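All values reported here derive from a predicted model rather than from experimental measurement.
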Amino acid sequence: MKKKFLFLVTTGGIGGAEHFLIVYFRFVDYTKYSVTLATHSDPYSQYLRDFGLPVEVISLPDINGKNDIIKFITYCKFLRNGGYDGIIFN
């Protein structure tokens, strides 16, 4: 069974760290791992398609205007429901 990993990116654009992440995705063994990229905006899909990478891109929950406790609970529910084996934060 494949291990499921979530890469959580909260920045809005593509800079050095995000370019590194796309390069990193090129070396993942997708027969062993399932990769999901969660972000508020999606400047990544085109790059991932250009390289033929089977990375699922999903949207993070909208937490604008909520207090910190509500934000925390929203993210906890989001992460728990995914059933991920590992979560990597950017």
Side-chain angles (χ1 to χ4, degrees):
M1 176 174 237
K2 288 184 180 183
K3 295 276 187 180
K4 289 177 64 175
F5 287 94
L6 173 70
F7 287 80
L8 186 67
V9 178
T10 57
T11 56
I14 292 191
E18 292 78 18
H19 278 291
F20 176 79
L21 191 58
I22 292 169
V23 171
Y24 176 79
F25 287 156
R26 293 174 66 189
F27 295 96
V28 171
D29 183 351
Y30 291 100
T31 63
K32 295 180 182 177
Y33 304 104
S34 171
V35 175
T36 302
L37 176 64
T39 182
H40 288 292
S41 62
D42 182 15
Y44 302 94
S45 291
Q46 185 61 45
Y47 289 100
L48 297 170
R49 276 193 300 273
D50 289 348
F51 289 112
L53 300 173
V55 176
E56 178 185 12
V57 179
I58 60 174
S59 294
L60 286 171
D62 181 18
I63 56 170
N64 290 328
K66 297 180 180 176
N67 69 38
D68 290 339
I69 294 294
I70 300 298
K71 289 178 185 180
F72 178 74
I73 292 169
T74 301
Y75 273 125
C76 285
K77 286 180 182 178
F78 171 77
L79 297 173
R80 188 177 336 119
N81 290 338
Y84 299 104
D85 296 301
I87 300 171
I88 298 90
F89 293 90
N90 177 355

Same apolar cluster (I L V M F W Y, side chains within < 4.5 Å links), Y33/L48: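 Same cluster: Y33 reaches L48 through Ile, Leu, Val, Met, Phe, Trp or Tyr contacts under 4.5 Å.
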Hphob cluster co-occupancy, L37 + Y24, side-chain heavy atoms under 4.5 angstrom: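 Yes, one cluster joins them.
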side-chain contact (heavy atoms from CB on, under 4.5 Å) with [X]: which residues, sequence neighbours excluded?
X: I73; result: I69, K77
X: I88; result: F5, F7
X: K2; result: S34
X: S45; result: D42, R49, V57

Counterpart residues, side chain to side chain donor-acceptor pair (under 3.5 Å), relative to [X] (two or more places apart):
X: N81; answer: none
X: D68; answer: none
X: H40; answer: Y75
X: T31; answer: D29

F25 and L21: CA distance, side-chain angles, deciding distance, side chain to side chain contact (heavy atoms under 4.5 Å, CB included) verdict: CA-CA 6 Å; F25 287 156; L21 191 58; 3.7 Å; yes
F20, CZ atom: more than 12 neighbouring heavy atoms under 6.0 Å: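 Incorrect, the count does not exceed 12.
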Hydrophobic cluster (4.5 angstrom, side-chain heavy atoms) - remaining members for V23: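 Via sub-4.5 Å side-chain contacts, V23 links to F27.
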Residues clustering with I70 (ILVMFWY side chains joined when closer than 4.5 Å, directly or via others):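 Under the 4.5 Å side-chain rule, I70 groups with nothing.
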Cation over ring face, K4 and Y84, 6.0 Å, 45°: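 Flagged: K4 positioned over aromatic ring of Y84.
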Exercise: identify the closest heavy-atom pair between L53 and I22: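 Answer, listing the atom of L53 first, then I22: CD1-O, 4.1 Å.
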